[in-house]
4 protein chains.
Amino acid sequence: MDSGSERAVPRKRADARRNEKALLDAASAAFVASGVDVPVRDIAAKAGVGVGTIYRHFPTRADLIVAVYRHQIEACAEAGPALLADSGTPHTALVQWINLFVDFLITKHGLAEALQSDAAAFQTLHAYFLDRLVPVCDQLLDAAVAAGEIRPETDAYGLLRGVGNLCIGAGNDPRYDARRLVQLLIAGLRLR
Amino acid sequence: MDSGSERAVPRKRADARRNEKALLDAASAAFVASGVDVPVRDIAAKAGVGVGTIYRHFPTRADLIVAVYRHQIEACAEAGPALLADSGTPHTALVQWINLFVDFLITKHGLAEALQSDAAAFQTLHAYFLDRLVPVCDQLLDAAVAAGEIRPETDAYGLLRGVGNLCIGAGNDPRYDARRLVQLLIAGLRLR
Amino acid sequence: MDSGSERAVPRKRADARRNEKALLDAASAAFVASGVDVPVRDIAAKAGVGVGTIYRHFPTRADLIVAVYRHQIEACAEAGPALLADSGTPHTALVQWINLFVDFLITKHGLAEALQSDAAAFQTLHAYFLDRLVPVCDQLLDAAVAAGEIRPETDAYGLLRGVGNLCIGAGNDPRYDARRLVQLLIAGLRLR
Amino acid sequence: MDSGSERAVPRKRADARRNEKALLDAASAAFVASGVDVPVRDIAAKAGVGVGTIYRHFPTRADLIVAVYRHQIEACAEAGPALLADSGTPHTALVQWINLFVDFLITKHGLAEALQSDAAAFQTLHAYFLDRLVPVCDQLLDAAVAAGEIRPETDAYGLLRGVGNLCIGAGNDPRYDARRLVQLLIAGLRLR
DNA sequence: CATGAATGAGCCTTCATTCAT
DNA sequence: TATGAATGAAGGCTCATTCAT
């Protein structure tokens, strides 16, 4: 019935989509294992495809990096307003949202490192994170300020970068507890 | 007879020392300009020596990195007890000492990044920093805890790594104020 | 019964012919723009077909090149006898025919270059040009020799290659006037 | 006696110079065999050195090409005034000089091809040839014009490019006689 | 001891060609 | 038959490291 219209649009992409999924999985794993600078060949090998396939799907390394992390960044961004609506106070929502962000970063070893790199290949990644998350963070900070819970002059951009930096190296080293440090940082924001 | 060789030895040493000094200066400048991953040849060129000379003096990159920063780490380490003795309260001493550390890091672009790298070449650097500074930080934290100024359970190692991480990227980006974030972190330590 | 298959065959042919025409146009444009070494994909994209379609129609690059230029080579070849019949003297006919050839070449940027290439992909092209044009040139030269207008010992093959070579790079460089040089070359053939 | 000053300047370069010579020989041979686009690796292999050695001596391909042909271009350039002084008439000198140039080109298969390439890597080569040879050709043309031997309006740049183009493919093909065609071209210049 | 020439592994990227859909 | 995804060989270039001078 509707099978005609269903078939018409995607067609050939069955295998290509499978490949793209394999590529993203392989890249994600490779980024964790060896950092986002991992050689393209290694990713290709892990995905069981030729290098050309990677270049076809993701012409630049930035395209690949963004693709790997896009879904999770989106989910994080969307969680902000939801937490604000559901939580008791704005400050609680802020803490929970930051925890969400931290959990995301520290489970993706190498991502926090990539976020602070100023290499050209990462500019797009950097920009994508900021474009998506700074407004959300801003909203949460504003609400907490309006509720008289935290200092007024805090900058969302700086705070997110700080949180991101604190997550660097977490996961490699059991002696380094990024979550605790982020809590201290947020605690430092509180009035009184 | 052997007066020649006797003379020869100190002379060589003088040369070698001069060379080592030039090397360290060049490496320091190169690290600031291009990060601690800067090509060996660039350092050699800046120092006006051949690459072989660098390898002779510093067989591994870690040896060079540690040598470059040793004096400043020492100075920082020694400042800890002095501040504790001179400052009004342990907490004031802690804040001042952390500021000293932060100033050191953010004026050495690339150093904070190197400290968090888990590349083999940087292990020695990492270890040297921690060996030297963790005990000092511990001492300051203990004093502040004993004075009832900060939370008791804080770990010096984690704190120093966090402070180091917060310094990453400072200096490249006027929108990122690492000093402010470190202040918030330390503020988060305070009781009440 | 077989009316269906009878209809089917011409229909396919119509499609195929349309495709082939689009391909030749696209290839012609691409050759002009980027030389006959232009990537197959570029031609396919310009033609709006897949690369596979090109390989189906023209298994080797030479096949495609010859197909692109066949019509114009034919037209040039056929103009020879016509000019000989219409012009006042054989020498005039020769000059006009050479000018025709030169105009053809210098309006197809990259073609003269391709003609002199000894790459395997161009052998067929080379051969086709020569098979078709050398006899015509020979006829014109013979007539001019018979009329006592030019030196007798001239070889059509060499002359055509020389004229082709002189056309290389014409059109890129306003300081290089291929037509003028070809005129000098033909002038050099004249007796006296 | 003067051995001290002799030794002081060159030193280490003994092997390096040997290598450079080997490189130029290998490159020259490789250019002839495979054109000036020959892979760097092939040249390195032929010379028995690593690719790095080539890049050390000749940072760009253009540097290598110019180095390979410099001596012979110089010799050709210097022969111009000498021929003009020694030959009976300017036209004779011109013919002999052009023959010298032609002999040079057709014994370096691939060189004439490279000269007409507009690839970036060859710009320097192109420029070097023209800078060095156009003035010499101009001088010879001027003298022949002044002697009333050839047409006055001939441009040295265009003539040299034409001669160069006529030499393309000579040597691969016994049926193509570039020398003869160049003679015809120069004959075309003659008055009457 | 210092030098810097040489080495070559290793990464990136492009594209001709094949073949499953 | 047409498509275009996938492949992988090929070539460019950079540097860490070694070693003859």
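Below, read A as the first sequence line, B as the second, and so on, with proteins coming before strands; counting in each chain starts at 1. As the structure is a prediction and not an experimental result, all values here were calculated from the model. These numbers come from the heavy atoms of this one structure, side chains and all, not from hydrogens, waters or symmetry mates.
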Enquirer: Side-chain N or O of Asn19(D) versus OP1/OP2 of dA5(E): is the shortest distance under 4.0 Å?
Expert: no
Enquirer: Tell me the interatomic distance from Arg18(A), atom CZ, to dA6(F), atom P, rounded to whole angstroms.
Expert: 10 Å
Enquirer: Pull out every residue in residues 51-66 of chain A that has a heavy atom closer than 4.0 Å to any atom of DNA chain F, ordered by number, or say none.
Expert: Val51(A), Gly52(A), Thr53(A), Arg56(A), His57(A)
Enquirer: Roughly how many Å is it from CD1 in Ile43(D) to C1' in dG11(F), rounded to a whole number?
Expert: 12 Å
Enquirer: Does dT14(F) have a Watson-Crick or wobble mate here (both distances under 3.5 Å), and if so which one?
Expert: dA9(E)
Enquirer: Going through the checks in order, is the side chain to side chain donor-acceptor pair (under 3.5 Å) test met by Thr60(B) and Asp63(B)?
Expert: CA-CA 5 Å; Thr60(B) 75; Asp63(B) 296 321; 3.0 Å; yes
Enquirer: Both distances under 3.5 Å, Watson-Crick or G-U wobble: report the partner of dT21(F), or none.
Expert: dA2(E)
Enquirer: By nearest heavy atom, map Val38(B) and Val49(C) onto DNA chain F; which one lands nearer the 5' end?
Expert: Val49(C)
Enquirer: Between atom CG in Asp42(D) and atom C1' in dA10(F), what is the gap in whole Å?
Expert: 10 Å
Enquirer: Between Val66(B) and Leu125(B), what is the shortest heavy-atom contact and its length?
Expert: CG2-CA, 3.6 Å
Enquirer: Starting at the 5' end of DNA chain E and moving along, which residue's nearest nucleotide shows up first, Asp37(C) or Arg41(D)?
Expert: Arg41(D)
Enquirer: Cation-pi between Arg61(C) and Phe122(C): NZ/CZ under 6.0 Å from ring centre and within 45° of the ring axis?
Expert: no
Enquirer: Looking only at heavy atoms, what is the nearest atom pair of Thr53(B) and Leu23(B), with distance?
Expert: O-CD1, 4.2 Å
Enquirer: State, yes or no, whether a side-chain contact exists between Leu64(D) and Ile43(D) at a heavy-atom distance under 4.5 Å.
Expert: yes
Enquirer: For the CD1 atom of Ile65(D) and the OG atom of Ser28(D), what is their distance to the nearest 0.5 Å?
Expert: 11.5 Å
